[in-house]
Each structure stands twice: as structure tokens, then as C-alpha cells.
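Here is the naming used below: chain letters follow the sequence lines, and residue numbers restart at 1 for every chain. Basis for what follows: all heavy atoms, side chains included, without hydrogens, waters or symmetry-related copies.
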Amino acid sequence: MKKSNAVFSIARAVLPYLLAVLAAFAAAGVFIALMGFDVFKAYGTILFTSFRTPNGFVQTLLKFVPLVLQALAFTIPLTAGKFNIGGEGQLLVGATAATVVGIVFANLPPVLLIPLVLLAGVLGGALWGLIPGWLLYRFGINEILTTVLLNFVSFNLVNYVCTGPLRDPGAGHPTTLAIGENGWLPMLVNNPPLHSGILLAILVVAVVYYVITRTVSGYELVATGANPRAAGVFGINTRWMFIASLVIAGGVGGLSGALEVAGAQHRLIEGMQHNFLVLGLIIGLIAKGNNLAVPFVAFFISVLEVGASAMQRTLMIPVEMVFIVEALILVFVLLSDLVQKRVS
Amino acid sequence: MNEFWLTIISYAKLILLTIVPFVLAGQGTMLGGRTGIFNVAQEGIMLVGASVGFLVSYLTRSNELGMLAAMLSGGLFGLALAYFTTNLRMDQFVIGLALFFIGIGLSTLLPKIVIGVTLTPPLIPTLKEISIPVLSQIPVIGEIFFKQNALVYFSILLSVGLWWYLYRTQVGMELRAVGENPQAADSLGVNVTRSRYWTAIVGGMLIGLAGAYLPMVYTGTFTENMVKGRGWLAIALTFFGGWKPDTILYGALFFALIEVLAYRVQVLGTAIPYQFLLMLPYLATILVMVFSFRKARVPAFLGQNYDREKRAL
């Protein structure tokens, strides 16, 4: 009896998502068909590329690492009721810090250099989260605009580093020199190449979930988000919660940058953040800010993203089509919420 | 006139030319906010406006049609925002973000479908300078103020018109009431739903037009993410313009001044790497927020959705 109840409640939670996905695919399908493409072939490619070959699956995991961390960088402050739209800047500053450390200390042994590179990334990102956090704490300035605007500051920082002192003169695109090989993350699988960043990402997911659901500080964070005034009355320093959540989110965002550097690219490349920020926001919002739901949604979005590139290669349908599908899924998830509220 | 004065004049002219996207997007944001609709999709709507405006100008060789199309697409976003927030009463910030995402996607998708990938960037004619007869003959002032493109004149007249409408007419006052206390406005016979719809739609049109200005005046072509945060800056501008048309116009001058400084000083060549100059608009905005945000006057009902059937306390 009890077990069937649990199954029922999970089904009830998942069903609206399924309907939202179907609705988004249907809406975008009309558009794809109007453009004169084969809708079923397109959707087959989008959904199954990740599972047809080992390479497709590894590509999906590689996409999953930055996306899940970017989504957490958004949902951690959201737990406290704050919006961090600055994951992109935190990624880039983290990646910059990781690259600088990886180049300057290139001769250290891996045991020291790998942790140093990752730590630099986390601290760089945390610093980028501290600025809006402090402005919020000290002056009460809304974090939404400050986090966004700092993204644009970081773009110029990356352009400076990639074309200035650490430039790789051989590269056509603004890029730095490679970090020392001792700073590269060890490989889990060599062919197709999968670096060990995925383990760290899963660890972060687990720690975030544990801290928020099983510790006092986590509970205080949730209480702050649920009702800051009530939380304040009960002695929680809510302003401190805001700043802490933004700094931690910045650290997580910075880690996503460090993993891109140490695991995937081994250097800082202008534009390496692709559309990770926006996808992270979409993931976080589809998950409705639930930190446990984030990895599952992030995996699904990674599947779509890998499928999108394959679709562009083989069917010549622009990747942006899938991006619009993802945004539509979000809209339909929001609509399904509304329907549920009306019904109950 | 010597070299120095000529430089000053050319800079003043350039600053006035640069206020347009800020004024249009700022006034568009302000208009929606005056009925309680807080649009945060500016960046996305401007991108769509830039993309659609560019494409239509490219295909028809007519900037006017391009601007019209950009306004139409911006208006559609405004309509969607009005429907989702007014009829469905969804969270304004979240649905605004969703529209922002759709805008990013559409803006790069459309050129890829319509034009495809080309080796050289496809170009459109840029907006022509219009000299106002007689007035443009005045020394210095004529050169700065009366030899500009049509949208410079339009954005200034629009600001004056909006100020007049909101602060000197009965309907304008009623509109402001909707953003302050929709319950009271409703009880006095103001149609809250209708005013929210039209302000969101017209606001969206202005923001779309602001986007179209970028390819039509600055670059002559559309590039990915060419709005470069101007949509977000417009939100900041609206806040420290106190949601008033006149102060938004003055604030836009400040934004334009910083932008001209950032982009033009690098041409002169300085010891500072140009990337740090390009950070200026964003850093300056954050700094201004520190000093002015707490004093900013905001419509009381901003960002909230009105439910007619709900009891008033």
C-alpha cells in the first residue's frame, strides 16, 4: 500500500513534466515542419544520439558537468530566495584563475597542481559571487542586476587575458597557452575521452543536497527563502544567509570553469562558456529550484544539447531550434503548475 | 573654429546618437511598469528586434519596414508578457526570463534560416541623417541637435510626449494609478486589464525598436548577442530614472556618455588596455546603483499581478 502510494506520487510529479516536454516538442515540431525538415528524423536525432554510441554518451556526460554546476549556482541562492544570474561570470573568472595558476605553477607535481588549479577556480568564482553578495549585504542592492552586469565585465577580462599576457600566438581565436600537463584532470576513460570532472560534479550535487536537507545551516537557508521575516524573528541572520548563498554559488560556478579548463580544454578560450548560463537557468527553473531534481533535469537537457549538435551536423537544422524547445519546455512546465493549482 | 571645438561638437553629436537605444528601451520598460508589469526580457526582445529589423531591412532594402517589423515582434513579446501575467497571473520575473530565453534563441535562429551562413557579413543601409531646415543652420547647436537620424528626434519627442501624457492628462493620471493601486483605479472605473495590455505591448514595441537601432545605425549587420547587456542596463536606467520619462531621458545621456567614452577612448590610444575601458558601462552602472537605488521611487504595484476577485484586506 505504502509503496504504491510512493509510486503514485512520483508519477504525479513526473507526469506534468512529460506533458510539458510533449507540448514543447509538438509546438516546435510545427515550426520545423514548416521549414521543410523531417520532424521525426530531427526528434529521433535529438533524443537518441546520446544513447546510440559510447561517444554520444560521453559527450552527454561532458556537457552535464558544467550544466549541472551552473544550474546549482542558480538554485542554491534561490533556496534562500535570491536570484543569481551571474553563473557565466563566475565560470569565466574561475576559469581565468585556474588557467593563471595552471600556467604559473606548471612545474608542480599533479598531487599539488590539480587541487591548486581547482581551488583557484572555486575562489575566483566565489570572489565574483562575493561582489553582488556584499553589495546586497552592505547597501541592499538587488542582486539580479549586479550579477548580470558582472557577466559583461568578465567577458572583457577573459578577452584581455586571452589576447594579452598569456596569449597563445599560434591560435587564431583569442586563447591562452595551455596549462601545465600536471594540472590536467586524470582520465576516467581514454577512448572516448572522459575526464574525472564528472565525479566531482556528482560529489557537489550530493554535498549540496545533504547540506540543504540534513544540516542546520541548510535548514536556515530554506527558512530564509520560505519567509525571510519569520526567519529573522527566529534569530536567523538572513542577510548573512543571502551573502553566503551567493558566495557558495559563485564557488560552484567557479568550479564549473576550473573543470572546463583542467578537464576539457586545458586552456582559457574566449567564448568557452557557450550558453551554459542560460541553460543553467532553464534547468534550475524547470526543476523549480529543487536541488535534488536539478541533476536529472540537467542530464535531460545535456541529452537534448548533444542531440542538437548532431541534428545540425546531419540534418542542417540550426542548433538554436533545440534551445527554443528547451525554453518552451520551461514555459509549459510553468503552465502545468498553474493548471495543477486551479484543479486542486 | 579650431580643432578642439570640432572634436567637442562631434562627441556631443555622437552622445546624442547613442542615447536612442537607452531612451527607447528605458521608456518601454517604464511604460509597462506604470501599470505594474515589470518586464525583464529587454535583452531578449532587443535581440529579436535587432534580428528581425535587420532581416526585413535586408530583404526589402527598406529601413522603415525593418523598424516596423522590429516593433511588431517586440509588441508580440509584450502581448505574451501581458497575457501570462495579467490573465494567468504567473510570476513576472520567471516568465520574463523565459521570454528572454526565447528571444535569444529566435534572434540567432532567424538569420540562419533566412540568410544562412555567408562568407562576408550581409549589410543593410544605415539610417540617414536628416537635417532640419533652418534650425540645422544655427552654428554648433544646429550641428549637434538638428543633423541626426530620425530615431534621435523620435526618442526625444517620445520622452516629452510620455511625460505630457502621464503628468498632464487625466488618462495618464489614471494609468499611473493602475501601477500604484489597481484596486482603487478599478473602483474608479479604470480598466486595469486593458491598460496593462496596451502598456506592455507598446512597451515591447519600443524595446524592439531599440534593438533594431543597433544594426541600423552602429553595425549595418546582425551579430550574435550584439545587444551586449544594453537591455539589462535599460532596467537599471529605469530604476534610477525613478520610472519617470523626463529623468529617464537625462539618465540615458549618462549611459550614452559612458558608452561613447568606453568605445571611443580606445581609438585615441591610452595606456589602459581597451578591455578595461569596455567594462566601464557595467561598472559605472553598478556604482550608480550604490548611490541612487535606495532613493529611487518605484510604482507601488510593480511586479505584481492584479486579481479582481481577491478581497482587499
Looking at A/I317, A/L150, A/T146, A/L338, which makes the most heavy-atom pairs under 4.5 Å with chain B?
A/L338
What residue among A/L285, A/I324, A/V331 forms side-chain contact (heavy atoms from CB on, under 4.5 Å) with B/F101?
A/L285
Take atom NZ in A/K288; do more than 12 heavy atoms of anything else shown fall under 6.0 Å from it?
yes
Please classify the contact between A/F31 and chain B as side chain, backbone, both or neither, with a heavy-atom cut-off of under 4.5 Å.
side chain
Quick check for you: to the nearest 0.5 Å, what is the distance between B/L278 atom CG and A/N156 atom CG?
5.0 Å
Step-by-step side chain to side chain contact (heavy atoms under 4.5 Å, CB included) determination, A/V319 to B/T108:
CA-CA 10 Å; A/V319 282; B/T108 38; over 6 Å; no
Heavy-atom pair with the smallest gap, counting every atom of B/P273 and A/Y160
CG-CE1, 3.5 Å
Side chain / backbone / both / neither for A/F83 at chain B, heavy atoms under 4.5 Å:
side chain
For A/L157, is it the side chain, the backbone, both or neither that has a heavy atom under 4.5 Å from a heavy atom of chain B?
both
Checking B/Q275 against A/T163: is there a side-chain donor and acceptor pair closer than 3.5 Å?
yes
dist A/N275:CG -> B/E224:CD (nearest 0.5 Å) comes out at 9.5 Å
Closest-packed option against chain A by number of heavy-atom pairs under 4.5 Å, given B/I102, B/I95, B/N225, B/L99
B/I102
Against chain B, work out which of A/I131, A/D337, A/L330, A/V278 has the most heavy-atom pairs shorter than 4.5 Å and name it.
A/V278
Within the 4.5 Å heavy-atom criterion, are B/L88 and A/L334 side-chain neighbours or not?
no
Heavy-atom contact with chain A under 4.5 Å, split by part of B/L97
side chain
With a 4.5 Å heavy-atom cut-off, do B/L233 and A/L149 have their side chains touching?
yes
Heavy-atom distance under 4.5 Å to chain B: side chain of A/V148, backbone, both or neither?
side chain
For B/F93 and A/I144: C-alpha separation, side-chain torsions, deciding distance, then whether side chain to side chain contact (heavy atoms under 4.5 Å, CB included) applies.
CA-CA 10 Å; B/F93 183 64; A/I144 298 171; 3.7 Å; yes
For chain B, find which of A/L135, A/V322, A/I282 contributes the most heavy-atom pairs closer than 4.5 angstrom.
A/I282
Answer yes or no: does atom OH of B/Y263 have more than 12 heavy-atom neighbours from other residues, nucleotides or ligands under 6.0 Å?
yes
Just wondering, do B/F84 and A/L335 contact through their side chains at under 4.5 Å, heavy atoms?
yes
Please state whether the rings of B/Y282 and A/F152 are parallel, tilted or perpendicular, taking 30° and 60° as the class boundaries.
parallel
On a heavy-atom basis, which atom in B/L109 and which in A/E320 lie closest, and how many Å separate them?
CB-CB, 3.8 Å
Note, A/Q312 side chain near B/K112 side chain (heavy atom, < 4.5 Å):
yes
Given heavy-atom pairs under 4.5 angstrom as the criterion, report whether the side chain, backbone, both or neither of A/M35 touches chain B.
side chain
Separation of A/F139 CZ from B/M289 CE (nearest 0.5 Å)
12.0 Å
